[in-house]
Amino acid sequence: MSIAKTYSPTAAEEKWYSYWLQHNFFRSVPDHREPYTIVIPPPNVTGVLHMGHMLNNTIQDVLIRRARMKGKNACWVPGTDHASIATEAKVVAMLKERGINKKDLTREEFLSYAWEWKEKYGGIILEQLKKLGASCDWERTKFTMDEGMSESVIDYFVHLHKKGWIYRGVRMVNWDPQSKTAVSDEEVNRKEVNQKLYYINYKVAGENSHLTIATTRPETIMADAAICINPNDERYTHLHGKSVFIPLINREIPVILDEYVTMDFGTGCLKVTPAHDLNDYELGQKHKLPIIDILNDDATLNEKAQILVGEDRFIARKKIAVLLEEAGALEKTEDYTSQIGYSERTNAAIEPKLSMQWFCKMPELAKPALAYVLNGDVKLIPEKFINTYRHWMENVRDWNISRQLWWGQQIPAYYLPNGEFVVAKTKEEALAEAHKIDASLTIDQLTQDEDVLDTWFSSGLWPISVFDGVRNPDNAEINYYYPTNDLVTAPEILFFWVARMIMAGHELRETKPFTNVYLTGIVRDKLGRKMSKSLGNSPDPLDLIAKYGADGVRVGMLLCSPAGNDLMFDEKYCEQGSGFANKIWNAFKLVKGWEIDESIAPKNGVAIEWFASRFSQALVEIDSDFAQYRLSEALMTTYKLVWDDFCAWYLEMVKPAYQQGVEKQKIDAETFNATVSFFEDILKVLHPYMPFLTEELWHDELFGTRTELDCCIVAQLPAIGKINTQLVAEIEIVQQVVTQIRNTRNSNQLSPKEALPLAVKANSTIDYNLYEPIIKQLGNVTELTKVNDAITGANSFIAGTDEFFVSLNIEIDVIAERERLEKERDYLIGFLKSVNAKLGNERFMANAKPEIIENELKKKADAEARLKIVEDNLRGLAG
RNA sequence: GGGAGUUUAGCUCAGCUGGUUCAGAGCAUCUGCCUUACAAGCAGAGGGUCACUGGUUCGAACCCAGUAACUCCCA
């Protein structure tokens, strides 16, 4: 079989992904093994795969594949969340295209359209994940509005309500007048906007004078409940206890005192409008001011405004400015910039609005959830997020859990005709509850609350509800898989999602939902801008996969992804990834081209033992990297093991010299078998990062015949073997020797093909006979002679404490050689000086640990030995 | 305004609770090679006052204080 010159990933990807699926390698069911569980952060059904998903899911897949290869029962649960606001917006848009207005539909009709939309588009992102190689147990795919999942949400609501932790109340919310729902703080984008500051005069009651306030929202003056001044403001002491008239409508409002008012902003007089500003609302509560709401749900003025009724807020602003001007109440206007919130979904300017909402009390839930993180039961990686988490959990406000939408779990609260309500799982149960209030009620007299629950309220249950642990808290699955092991997510949802899962976990099961939370950074472009659709600076992940292969993209993502820090993504990393795949492919080609010749005596024992040691050293490092979730370091360790140790050194050491006229290069059986076995182990170590290439090679006949289920994906990772540290250290010197010979050639403009003789004056205990074949092969050395004295007139170098001499057929440049040696001598003298200074320092000798002093002594001895060699050489040069 | 974080080579990052010849890696750059696995390659080389200023210490990239720049979160 001839092998292609370069690796082409596409065919391998399709072939092996379906092979894995066919043979159920992703499937997990509880058994006797130790479980290893990850629940996916459910992507939004409206979403398509972006670079953030790529990163996040690559990490999860690496973790899950590694766990599988360590013999754990690995279970990765996939799914999506219903994303109330985003999805409802998409559905409304779809209906609009079809000429249907949401207002004309009943709730049931709308929901059937929404489900239609979800069935059509909601699974796209999961299909895309398959291209990446994600080894999720697809049979477990969940959606937050699946029947059982929704029922769990309702159960949880009822549970919390019974505990008295859910209540209804009027609150200032972020109102999106376009979609006519409250949105959460995280769905509001703040932008700097150029505005005008209007200075408006209010007549003081009983006097022929006025005060002036400054506001950006003159259209809200009709909702004013007071004017507030700072009691320490000496300009206004005469106004204490007075009242003023609102211009145009002449309503009388009091002047109140509060230190909240900044004296040097505007005029120092603040109009207080409790219904239309959060800070004013709080001030109003404090001073028991009336609340006058002059806006409708669509942000037009209502009859309480008395004037401009029915006008949109922005039009009203322009008109009222004119009216004020005409009335002589407008002192002046000024340009002013301030932050305005816009709805993430509709881009409408957010209106602070008082409305009746459902809330969940947070302090009781937050306190234990904080403890899990502080006492280390739940580990945040990196740890720096603990502070952020604590800060938030200690200052948490009650959570607005209602949304004025239809797509989601409808709040299970039922109103009686008299306005009272009961909370129950079903309408029937609600009726039973209602009968305690009024025994004569019929089921038709109950009406369910219109609102649905915040999506986070359901995703907060995710690690429990995917195993049906809310409805059936003692089922076999939840008992086996929960708590899960690792969660991989973005820091920006640490509070909204992670914290709420910990709360729910504690509340429902009295345990954490996961042990480790690995927080990834934001994927930015190389200019540091967040990748986004609107900027158009994000590559399409599927295009990247087509271009570089899934393995290449996976490696590329991880090469630039330190935990918890943002990553500056550049396609070049993917290029490096696919280059790596190609390197492995070619190494494979080399080994594949060998043929065993039994007549050749084994001669690579040293190389084999050395690489086995290096391999084990790498395994130790990789284990420790994974234990600390340093995935990109573990990858780099693997990368260097394969590229440097295996390809650049080991294969070069053992590869048969070119044999003329022989199509297949001949090699001894011992070397061949050892190399094939190394290669197989390398495939295993690489598999979590590069699943497709490794699986493809795994099945090559080079490794013998495989049974149907003998796949790399389920192979067990190699065990850490013996490490011959002395051998590793000595080969390091040998590598220096080889490099120096190459360097000598290079600096003397000699061709690499030119074989050279080498002599060694060994001062160390290294037995160069052992390494002679390696030095000859890698350094292109004709002979290695052992000498007792320096060879004059030859180029020399030092490796370790041993001296080497290369006799060239050309005159050596004495001046350059002397310069080089003198430079080295000066460095060594300086170095010795600093070491001796330490050793001569009484306080160092008294304070430093013994091993450190020992080290300094060794440094001194080594340096002295080298210095002696350098000085001898210098003398030789002079003579 | 409050809180958190970052600052090490041209770029992206390590540097694991001060002490190896400690200032590192990968990429990029430069030089030389189309050497029968790989030019997506091979062999070499050059890059850094560890943001700045002080302090603690026998010893600081690392600990402390302050300054500056940038980023994120909350208001």
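A note on names: the letters A, B, ... follow the listed sequences, proteins ahead of strands, and every chain is numbered from 1. Side-chain atoms are counted along with the backbone in the values below, which use heavy atoms only and exclude waters and symmetry mates.
As judged by a 4.0 angstrom heavy-atom cut-off over every strand, A:E824 is placed among residues making no nucleic acid contact. Nucleic acid contact for A:K849: none, since no nucleic acid atom lies under 4.0 Å from a heavy atom of the residue. Across all strands, A:S578 comes closer than 4.0 Å to base atoms (heavy-atom distances). Among the protein residues, A:L494 comes within range of no part of the nucleic acid, since none of its heavy atoms lies under 4.0 Å from any strand. Within the 4.0 angstrom heavy-atom criterion, only backbone atoms of the sugar-phosphate kind lie near A:N743; the bases stay farther away. Across all strands, A:K583 comes closer than 4.0 Å to base atoms (heavy-atom distances). Using a 4.0 Å heavy-atom distance criterion, A:F580 is classed as making no nucleic acid contact. Residue A:R745 is out of contact with every strand shown, counting any heavy-atom pair closer than 4.0 Å.
Across B:U35, B:U20, B:C27, the shortest atom-to-atom separation from the side chain of A:Q576 is found for B:C27. Which of B:G19, B:G41, B:G5 sits closest to the side chain of A:W643 comes down to B:G41. Minimum atom distance to the side chain of A:K640 is reached by B:G26, of the listed B:C58, B:G26, B:G44. Of the listed nucleotides (B:G5, B:G19, B:A37), B:A37 has the atom at the smallest distance from the side chain of A:C647. Among B:G26, B:G44, B:A37, the nucleotide with an atom closest to any side-chain atom of A:D644 is B:G26. For A:N582, taking side-chain heavy atoms from C-beta onward, the closest of the listed nucleotides B:C38, B:A4, B:A37 is B:C38. Side-chain proximity of A:K753 to the nucleotides B:U35, B:A4, B:A37 is greatest for B:U35.
Note: CG (A:L590) to P (B:C42) measures 13 Å, nearest angstrom. Here the C1' atom of nucleotide B:U35 and the CZ atom of A:R742 are 11 Å apart, to the nearest Å. Protein atom CG of A:L839 is 17 Å distant from nucleotide atom P of B:C58, rounded to whole Å. The distance between atom CG of A:L635 and atom C1' of B:A25, rounded to the nearest whole Å, is 12 Å.
Under the 4.5 Å side-chain criterion, counting only non-hydrogen atoms from C-beta, A:P352 is not in contact with A:D277.
Searching all strands for a Watson-Crick or G-U wobble partner of B:G10 with both distances below 3.5 Å returns B:C27.
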Legend entry - side-chain hydrogen bond (donor to acceptor under 3.5 Å, both in side chains) evaluation trace for A:N836 with A:K860: CA-CA 7 Å; A:N836 283 327; A:K860 180 181 158 140; 3.1 Å; yes
Inset, instruction - Step by step, work out the side-chain hydrogen bond (donor to acceptor under 3.5 Å, both in side chains) result for A:E571 and A:Y548. - result: CA-CA 9 Å; A:E571 266 193 51; A:Y548 301 104; 2.7 Å; yes
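Around the CD atom of A:Q726, the shell of radius 6.0 Å holds no more than 12 heavy atoms that belong to other residues, nucleotides or ligands.
Nucleotide B:G47 is shown with a syn base, its glycosidic torsion being within 90° of 0. For B:U49, the base adopts the syn conformation, since its glycosidic angle falls within 90 degrees of zero.
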